[in-house]
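Numbers restart at 1 for each chain; the letters A, B, ... are given by sequence-line order, proteins then strands.
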Number of protein chains: 2
Amino acid sequence: MTRTSRIEPTSAEMIADGLSRAIHEHRLGPGAKLGEDEIGTIYGVSRTVVRAALQTLSHQRLVTIRRNRGAFVASPSPREAREVFEARALLEPRTAQSAAERAEPQDIDQLRAHIMAEHAAIEAGDNGRALHLSGRFHIDLARIADQTIVAGFVEELVARSSLVIALYWRRQSALCERHAHHALIEAVAAGQGARAAELMHSHLVDLHSALDLREHSVPPATLRDILT
Amino acid sequence: MTRTSRIEPTSAEMIADGLSRAIHEHRLGPGAKLGEDEIGTIYGVSRTVVRAALQTLSHQRLVTIRRNRGAFVASPSPREAREVFEARALLEPRTAQSAAERAEPQDIDQLRAHIMAEHAAIEAGDNGRALHLSGRFHIDLARIADQTIVAGFVEELVARSSLVIALYWRRQSALCERHAHHALIEAVAAGQGARAAELMHSHLVDLHSALDLREHSVPPATLRDILT
DNA sequence: GGGCATCACATCGTATACAATCTATACGCT
DNA sequence: AGCGTATAGATTGTATACGATGTGATGCCC
């Protein structure tokens, strides 16, 4: 969610947001074609605006644009997948630590609300939404840490993680997350920076180890795309 | 330098690159207006393409786009400036360490070549180019570390650092850089990861402390912009 | 003379039109 | 039949046109 202006979100931003959410919630999978005319018709705008939105998503690495061929939902290679989690393991323990050191009571409330919504989504069987909220938790943590720039990086990495999970997730257990996030909140609420960092690190390692990074388990939409 | 395709760089990419270099080399200062028509005339393309280029730069945070007002070279606030160097201090020691652990002889040669070119630029009094090369040094180090994603972040941060330096640089001494980069190469060449990380950290702290982050020392190009 | 409304101009935002490129089907050849 | 080529359709890349929104100046009123 790249929020450039606070009020009146540009139409291009709205479209980018819509597509972004669809990708996050796995309604659009890696490799899906994003035709300009098609999207334009759906949102009732011209291709000009759609192109701007697709370019935005392309810069966030959520979408791959291939010259004269169009835009597709990105499908990260195993290598990219590994790097995404390496980068997160580098950044997020620090944001968790800073968050623990600076968190105000209202921040804690916000985080707890997040977790509750996440649990609700899981109960309701809405896995897409649960995943989305789970990501937001990490982003909000970075925001609380009061490090805008790093928070931006984390946001991008979380988005890409969603694609990685869509491609390489091994088991369906989102349960481990519950405990991890809960323990994190406790540490943050208690102002235990070092512990928060440690918990975040092991949480990310857990996530990483739940991936099966052997060759594409699910080959992208069309076989042709791989060979092209 | 966002190199999406290896051959045939898109016209939009060429324009973005051109503007990017101009900004890096301080030929375009923070606050400078980037009119679409003006740029389009210069490069001989329509506004459509220019807009795509400006959007790219905007996503890299090198340019700020204000709705219905146009694009301007970004002028980072003191807070942003601080965060840029904080983020670098978080990322780059690690890339330096990895680089030291993985560097091949050819990588060392490349780094040395960079330094020599940098010195040459300084001797020639071409400060803009020297600054640009100095930035490339950090980016190449991240590349050698074989961490594409983190390297991308570093690239963005280096670019933004260039703006920060344009706004907040206190003394004109680029001499300290010489020693710092030289020492870094030695550590990398010797495979001393821990030492490389340490050197990188203190190098960045040095850079940061050479800034004067009290209010905008140099008000942006047009006075009105501040008041708006 | 200072402040405010109004108007002309410049610039941006979006839609549309045309050209370039790619995809896919159909045809002819070996 | 298999394979390569040609042609038609679809999709993207770029340019142009028009409407919307700011910018700056002029002129009026106080």
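Rounding to whole angstrom units, CD of residue B:Glu36 and C1' of D:dT21 are separated by 13 Å. As a whole-Å value, the separation of B:Arg66 CZ from C:dC12 P is 12 Å. The separation between A:Arg69 atom CZ and D:dT11 atom P is 15 Å, rounded to whole Å. To the nearest angstrom, C1' of C:dG13 lies 14 Å from CG of B:Leu54. Rounding to whole angstrom units, CG of residue A:Asp37 and C1' of D:dT12 are separated by 10 Å. In this structure, the CZ atom of B:Phe72 is 13 Å from the P atom of D:dG22, given to the nearest Å. Nucleotide D:dG13 holds its C1' atom 13 Å from the CD atom of B:Glu13, rounded to whole Å. Rounded to whole Å, atom C1' of C:dT11 lies 14 Å from atom CG of B:Leu34.
A donor atom on one side chain and an acceptor atom on the other are found under 3.5 Å apart for B:Thr148 and A:Arg79. In summary, the side chains of B:Arg88 and B:His208 do not present any donor paired with an acceptor at a separation below 3.5 Å, with no hydrogens or angles considered. When only modelled atom types and interatomic distance are considered, B:Gln55 and A:Thr56 share a side-chain donor-acceptor pair under 3.5 Å.
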Every protein N/O within reach of nucleotides 15-18 of chain D N/O, cut-off under 3.5 Å:
residue, atom, partner, partner atom, Å
D:dA15, OP2, B:Ser46, N, 2.9
D:dA15, OP2, B:Ser46, OG, 2.8
D:dA15, N7, B:Thr48, OG1, 2.8

>> Working note: B:His26 + B:His132, criterion ring pair (Phe, Tyr, Trp, His ring centres under 6.0 Å); need CA distance, chi angles, decisive distance, verdict.
In response: CA-CA 9 Å; B:His26 290 182; B:His132 177 241; over 10 Å; no
> Hey, mind stepping through A:His181 and A:His114 against ring pair (Phe, Tyr, Trp, His ring centres under 6.0 Å) and telling me if it holds?
Replying inline: CA-CA 10 Å; A:His181 285 185; A:His114 242 120; 9.4 Å; no
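Taking side-chain N and O atoms only, A:Ser11 has no distance below 4.0 Å to OP1 or OP2 of C:dG13. Between B:Lys33 and D:dT23 there is no side-chain N or O to OP1 or OP2 distance below 4.0 Å.
Taking the charged nitrogens against the carboxylate oxygens, B:Glu155 and B:Arg143 do have a contact shorter than 4.0 Å, which makes a salt bridge. Contact check on B:Arg61 versus B:Glu156 returns no salt bridge, with no Lys/Arg side-chain nitrogen under 4.0 Å from an Asp/Glu carboxylate oxygen.
Inter-residue side-chain proximity for B:Leu211 and B:Val164 is flagged as met; some heavy-atom pair is nearer than 4.5 Å.
Counting heavy atoms of neighbouring residues, nucleotides and ligands inside a 6.0 Å radius, atom CZ of B:Arg102 exceeds 12 of them.
Comparing the end axes of the helix from C:dG1-D:dC30 to C:dT30-D:dA1, each fitted to five base pairs by superposing C1' atoms of four pairs onto the next four, gives an inter-axis angle of 0° (nearest 10 degrees).
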